[in-house]
Amino acid sequence: MPFNRSIKIAPSILAADFANFGAECRAIEAQGADWVHVDVMDGHFVPNLTFGPAMCAALRPHIKGVMDVHLMIAPVDPYLEAFASAGADIITAHVEAGPHIHRTLQAIRGLGKKAGVALNPGTPVEAVADLLDMVDMVCVMTVNPGFGGQSFLSGQLAKIARLRSLIGDCPVHIEVDGGVTVETAPLVAKAGADALVAGSAVFKGGSVADPGGYGVNIRAIRAAAEAAIG
Ligand code: DX5
Ligand code: ZN
């Protein structure tokens with residue numbers, strides 16, 4: 001996964017048809033998705049329950065590109081090996097998930113995976129300022145994690161811009177997650193984000209039987225973001 005800062009669209013399958021995940025993953029990749037975003041929720045760190053490593057392993061054969069696994073679980077460390085062997089390419093842990101994020105990031109890289117660290121809306125960028133040489137990505141939550149379809153928190157734009165200046169030329173992606181649409185994509189791109197997670201905005205108006213709508217949405221979000229950064 002060579003590093004580049006071009007705009008990447010990562011549809012979140014939280015908004016997909018749960019009964020058809022394999023076909024949904026193939027459909028969004030065929031329609032232009034750069035990464036497939038998989039939201040893992042434990043009903044403890046966030047007030048919702050989704051899926052675990054077994055689901056990621058089942059998805060792997062249906063994802064040709066990057067499986068971007070977002071762990072909204074606490075604790076994290078006991079599950080890292082399972083997600084790594086399930087085929088995750090990027091494993092992102094929340095800085096708020098426990099007292100030992102440094103050890104968690106070391107472990108993710110030790111498993112040969114790309115390491116991501118995520119920040120809840122209430123957590124300042126400074127929480128990861130000294131971790132930037134240990135990560136491949138920082139995920140800025142632009143909603144309070146736990147559900148798709150929520151409204152974008154515009155108050156996070158200043159945080160993205162501060163993070164972008166902190167990162168400078170380091171090969172670290174800025175991912176934004178939550179409430180990304182054709183309207184908000186230009187704002188986050190201008191602030192410095194390059195990886196845009198989008199669930200409801202990609203999956204609305206399309207289906208496995210008629211995936212063209214996914215492509216229209218992915219292209220529109222990408223075009224809006226790219227237009228903002230020229
Ligand atoms: C929320 C998840 C997001 C969510 C995004 O906790 O981390 O990935 O699925 O969905 P939308 O784009 O609908 O806000
Ligand atoms: Zn997510």
Side-chain angles (χ1 to χ4, degrees), residues 7-18 21 24-25 28 31-52 55-56 59 63 66-74 76 79 83 88-97 114-123 135-157 159-160 173-189 193-206 213-214 216-218 220-222 224-225:
I7 295 293
K8 289 160 283 294
I9 307 298
S12 160
I13 61 166
L14 192 64
D17 172 6
F18 275 39
F21 274 137
E24 291 274 36
C25 289
I28 51 174
Q31 293 295 328
D34 300 289
W35 301 351
V36 175
H37 186 83
V38 181
D39 289 306
V40 175
M41 302 180 184
D42 65 356
H44 166 67
F45 181 74
V46 289
N48 196 1
L49 265 173
T50 56
F51 23 77
M55 167 63 85
C56 291
L59 293 176
I63 299 173
V66 174
M67 190 199 292
D68 171 29
V69 175
H70 179 192
L71 299 181
M72 288 161 276
I73 66 174
V76 178
Y79 304 98
F83 283 105
D89 298 296
I90 307 172
I91 300 177
T92 297
H94 270 260
V95 72
E96 308 89 356
K114 298 286 183 190
V117 62
L119 297 165
N120 283 336
T123 306
V135 297
D136 303 284
M137 185 171 82
V138 179
C139 175
V140 177
M141 294 303 304
T142 40
V143 296
N144 282 297
F147 304 94
Q150 300 181 80
S151 302
F152 178 80
L153 296 172
S154 54
Q156 301 302 304
L157 289 169
K159 181 196 276 187
I160 298 167
H173 296 290
I174 298 180
E175 183 175 66
V176 290
D177 187 8
V180 173
T181 62
V182 171
E183 291 74 32
T184 58
L187 306 175
V188 296
D194 62 298
L196 279 52
V197 175
S200 39
V202 165
F203 285 95
K204 76 173 193 284
Y214 297 164
V216 169
N217 296 335
I218 291 170
I221 294 168
R222 189 193 305 283

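Only a predicted model underlies this, so the values are computations on that prediction, with no experimental measurement involved. Read the numbers this way: they start at 1 and go in the same order the structure lists the ligands and their atoms.
In this structure, I28 CD1 and I9 CD1 are separated by 11.5 Å, a value rounded to the nearest 0.5 Å. Separating the CG atom in L119 from the OG1 atom in T92 is a distance of 11.0 Å, to the nearest 0.5 Å. Of the inter-residue distances, the one linking I90 atom CD1 with H37 atom NE2 reads 10.0 Å to the nearest 0.5 angstrom. Rounded to the nearest 0.5 Å, atoms CD1 (I73) and NE2 (H94) are 10.5 Å apart.
Sorted by chain and number, the residues within 4.0 Å of ligand 1 by heavy atom are S12, L14, H37, D39, M41, H70, M72, M141, P145, G146, F147, G148, G149, D177, G178, G179, V197, A198, G199, S200.
Annotation: ring pair (Phe, Tyr, Trp, His ring centres under 6.0 Å) contacts of F147 (sequence neighbours excluded): none.
Within the structure, side chain to side chain donor-acceptor pair (under 3.5 Å) pairs that include any residue of residues 138-155 do not occur (at least two apart or interchain).
Between F203 and Y214, the ring planes are perpendicular. Angles over 60° get that label, and only those under 30° would be called parallel.
D89 places a side-chain N or O within donor-acceptor distance of the main-chain N or O of M67, the cut-off being under 3.5 Å.
In summary, of the residues considered (T50, D68, L59, L14), a side-chain contact (heavy atoms from CB on, under 4.5 Å) with V38 occurs for L59 alone.
Taking a cut-off of 2.8 Å, the protein N, O or S atoms nearer than that to the Zn ion (ligand 2) are H37 NE2, D39 OD1, H70 ND1, D177 OD2.
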